[in-house]
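Shown next, in structure tokens, is the structure this report addresses.
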Amino acid sequence: MAAEAGTGALERYEAVIGIEIHCQLRTASKMFCGCSTEIDGAAPNSHCCPVCLGLPGVLPTINKSAVECVIATGFAIEAAIAPTTRWDRKNYFYPDLPKGYQISQYQLPLASNGRLTFETSEGPFTVRINRAHLEEDTGRLIHAELDASPGGRPARRVSLIDFNRSGMPLMEIVTEPDIRTAEQARRYAEELRLLMRTIGASDAEMENGQMRVEANVSIRPRGREEFGTRIEVKNMNSMRSVERAIDFEIQRQAVAIDAGRTIRMETRGWDEARQETYLMRPKEAENEYRYFPEPDLPPLVAPPEWLAEIKARLPELPAARRNRYGTDLGLSAYDAAVIVNDAAATALFEGALAADTGAPAKLIANWVTGEYMRLVKGKAGAGKVNAGELAALAKLVADGAISGTNAKEVFAEHLDTGEPVARIIEKHGYRQISDAGALGAAVEQVLAANPAAVADYRAGRDAAVGFLVGQVMKATRGQANATMVQAALRERLDRAE
Amino acid sequence: MGERDEEDRPFETTQGRDGGAGGGALTDLTRLHVHEMARLLRTGEVSSRALAEAHLAAAGRQNHALNAWLVIDRKSALAQADAADRRLAESRRPGGSGVAALHPLCGVPVGLKDLVSVKGGQATAGSKILKGYVAPFDSTVTARLRQAGAVILGKTNMDEFAMGSSTEHSAYGPTANPWDLTRVPGGSSGGSAAAVAAFHVPVSIGTDTGGSIRQPASLCGIVGLKPTYGRVSRYGIVAFASSLDQIGPLARDARDAAILLHAVSGRDDRDATSAPVPVPDELLDLPASDDEAASYLKGRRLALPREYFVDGMEPGVAARVREAVAAMEAAGAIIEEVSLPHTDYGLATYYIIAPAEASSNLARYDGVVYGFADRSSGDYIADYLCTRGTGFGPEVKRRIMLGTYALSAGYYDAYYLKAQKVRTLIKADFDAVWAAGFDAICAPTSPTVAFPMGARVEDPVAMYLSDACTLPVNMAGLPGISIPAGLSDGLPVGLQLVGAPWRELGMLRLARAYEAITARATWRDLEPAELHLTDDPTTPSPLERQARRTQGAPATGSGDQP
Ligand SMILES: [Zn+2]
């Protein structure tokens, strides 16, 4: 239905989009207990304790490093950090919520009033961020089919609960409804993911649920101030599906409104296979969560020294890095973005610069965005590449000590084996002969062996030089510096006249 | 009894009562105080096993008529006693650590309210919904008691989830008051209070959210102390109202209460609301001599809040409290009347905050992972309704509904938020008293003596009024202690002393001083009047009494039944 919805939807309607992102924080232990967060692939209910199971009498204790992750994020999005914050209980019943409430932050989030600027196809765009707060994750319900038992019990559907995820630290980041296109939404999510990874707050892998993106999407006729009825879209498991789901939803709402239907508040899920959203549940009213301050935790006071310490520990942020690559190192905006978007590429590039071989930054950047990215594309891991070796290779290229073609082969082999560049060059005899004496001998031999070509040149056929250069390259097994060979040939032929 | 200097008195261990603790040598181990037991255990004159056996025998014999205990774990108790005896022997040996290094509780029997988690044991909190739940961990209080070497005899009865003032709201039947078996022992720590009053243990652990240690202590004629909020870790104690709950000792004298408080107090990393305030070792050294103890009263400034001596107070209670105050004045204390103007709002405020927190704290009892569950419907929402509908008793449901309502959108500001503001006013009332230089506030603990079973159980507000004098102290997070101050119509009256934050030691010294100046009072020698009846196996159990009463006089719906 959206397909024929008219490509014109965006001309008549403007989308208003807000994004809520939940990120699992990269901490060693859970939010309120000592259980390990290494739950990936663990047996169900193997990572729980009385606290995250909500047994009678247990009390939460705060994981300081989770708080630091949110404060660091707050600084990174230029948000205000609350000097005193507190915890609230969000009360609701669900089997995966063992206490019957989730400890969250409602009235006083750790970070508020931030913003994030990122590149889009239409230029830089800034989204205001309402808040970033800390909360605990729930357990996970697994619906399964139990086989019939030999004793005659029929097969039945059961719901099982895995509490490994219960109490994992989660950061929720909520934007203002500033986003207008699906692309902006995707770029925002990508930039936030990059930011999380850069500051080490979260691994933010969407595929395994470490980063969950939800979009509130409404549309309104262009020129109108008031918002339309918003639809919450969930279950988007990749950046691509974020963009597609929002695009779909905009089109779907436009078709509905054009057809005179009313949009009702509801939660919709993204069906990746069918590439469309589907109704998950209607939202009759705002949920009644009976928030109140968590009496088991005193207010959290963040002394200025602690905040300063967290701020000082922040690494260079993506935006600043892109800017430095452009302004100080002379990289193109595109190259800078490509490198910064990829943590491994950034590490390689920074490592190569740090090796300080004298190779120009732009040349190193070309190697990173070119050969390196091409070779590792679609592969797990970054190969066995060593930044110092890449810098050394780039320097040899810059000095004309190896041909560009050979350098690519050397790099590919290095990436595969991790063998030092110098040894690979040695092994294949790729070192370029740039020594005038050595070249001179080869030139003399070739001239002596090809009198016809010499005669042709002297008869005014300049193309003969190309043939002679080829012969010298052949004689030196490609190691000769072609530019020097040509110069030497001309000089020798012209002098002999 | 001023000459009762136990340090010099020889000791004989024979069984049976010799007609009270008043004269001659003590012969019944159950009549010993903790400080006496500690001395005898250290010298080896008595073994922890002998103490455990004597107390287990009394509890086992009398629990039928009292229902103070939900579990008496004889096997575990004797194993703990034997372990304590080994520790004592080890420390006595030449080259050993020395008995002085042991906590005075080492080898001493204690009882725990059945909301204290003990690894491998039940923790029903008096509720059907926790039937079958086995705690897989020790509460911090339990762990500290074990560290001290205390011998846990079992778990005591209580109002369901500590909601009540009579122990009639237990899913496991009411507890009787050993002073009058037809009357309540108070609540919610009624089992703990009755067990101490009946000499089943010298001390027990209770919890106090609005008076649940002090009021039963008052009604059972013993000492009960609610510490400053944050003094004792709440980790592993089934929660009622998190911002009000405190754990504390019930004992037969101030010295014993101080010893138990010392063992369980102090900052605990598992409870973020526990305070890093040092625990004074002087708690273990309250004066033994009455003269020295009484001298503490000289020049102490005690405040009498006029708001605590009004409406609904029994004349006998008011008279005993005034006499107690007069006795302290005669001993050198300075008494002044003060005003705590927001006292009247205490009850209403409490009945918003406590149920609000409880409605959330009790949400976890859903039958999904542990405890009682009714999964007959096959649909999780319906299962919740069945489990909670059947598992919780009427008082708990009443408070969950009150609290849920108070927290609901649109009512939050009018109720919960406003109640929190009033709470700060109540606290400010007390702060003004401390700022004026008072050492303590004196007040009645309960406006009445022990009331008959069934008298208030159908009338929640009448029941709630039992705590009118105690719950403002929880609202302000202050330490409060109830101490016996004589009898009214043959039933115990409690005097409440309230102190500034962290002044438990001062409160206990005052309590000890009051004991000293009343040491010769005749009521001091009296044991609970109907305790002897509990030895008779034909004495009806509280449940039997309850059944007879409800058969004889069916509920009229109007409330009070005599
Ligand atoms: Zn855990």
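Below, chains carry the letters A, B, ... as their sequence lines are ordered, and counting in each starts from 1. Predicted, not measured: the structure shown is a model, and the values here were computed from it.
The local environment of CZ in A:R140 is sparse, with at most 12 non-hydrogen atoms from other residues, nucleotides or ligands closer than 6.0 Å. The neighbour count for B:R267 CZ, taken as heavy atoms of other residues, nucleotides or ligands under 6.0 Å away, is above 12.
Residue contact with chain A, scored on non-hydrogen atoms closer than 4.5 Å, is absent for B:A123. At a 4.5 Å heavy-atom cutoff, the contact between B:Y133 and chain A is made by side-chain atoms alone. Using a 4.5 Å cut-off between heavy atoms, B:A125 does not touch chain A at all. Both the backbone and the side chain of B:R234 come within less than 4.5 Å of a heavy atom of chain A. Looking at B:L130, only its side chain comes within 4.5 Å of chain A, counting heavy atoms on both sides. Only the side chain of B:S117 comes within less than 4.5 Å of a heavy atom in chain A; its backbone stays farther off. Heavy atoms closer than 4.5 Å to chain A are found in both the backbone and the side chain of B:T404. Only the side chain of B:Y229 has a heavy atom closer than 4.5 Å to any heavy atom of chain A. Only the side chain of A:I161 comes within contact range of chain B, with heavy atoms under 4.5 Å apart. Interface residue B:F137: only side-chain heavy atoms are found under 4.5 Å from chain A. In this structure, the portion of A:N91 lying under 4.5 Å from any heavy atom of chain B is its side chain and not its backbone.
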Any chance you could lay out the side chain to side chain contact (heavy atoms under 4.5 Å, CB included) test for A:L53 and B:Y370, step after step, and finish with the verdict? CA-CA 10 Å; A:L53 286 174; B:Y370 53 82; over 6 Å; no

Inset, instruction - Tell me, with the steps shown, if B:S360 and A:F292 meet side chain to side chain contact (heavy atoms under 4.5 Å, CB included). - result: CA-CA 9 Å; B:S360 175; A:F292 76 106; 3.5 Å; yes

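For the pair B:V369/A:P98, no side-chain contact is recorded, criterion being any heavy-atom separation below 4.5 Å from C-beta on.
Across A:D296 and B:T273, no two heavy atoms sit closer than the pair O-CG2, 3.5 Å. Minimum interatomic distance between A:G57 and B:R364 (heavy atoms only, all atoms of both residues): N-NH1, 4.5 Å. The minimum heavy-atom distance between A:Y291 and B:Y412, with the atom names listed, is O-CE1, 3.4 Å. Closest approach of A:R89 to B:S242, counting heavy atoms only: NH2-OG, 3.7 Å. The minimum heavy-atom distance linking B:D271 with A:T61 is given by the pair N-CG2, 4.5 Å. The minimum heavy-atom distance linking B:A272 with A:P60 is given by the pair CB-O, 4.2 Å.
Between chain A and the residues B:D269, B:D383, B:N361, the largest count of heavy-atom pairs under 4.5 Å involves B:N361. When each of A:P56, A:C33, A:G54 is scored by its heavy-atom pairs under 4.5 Å with chain B, the top score falls to A:P56.
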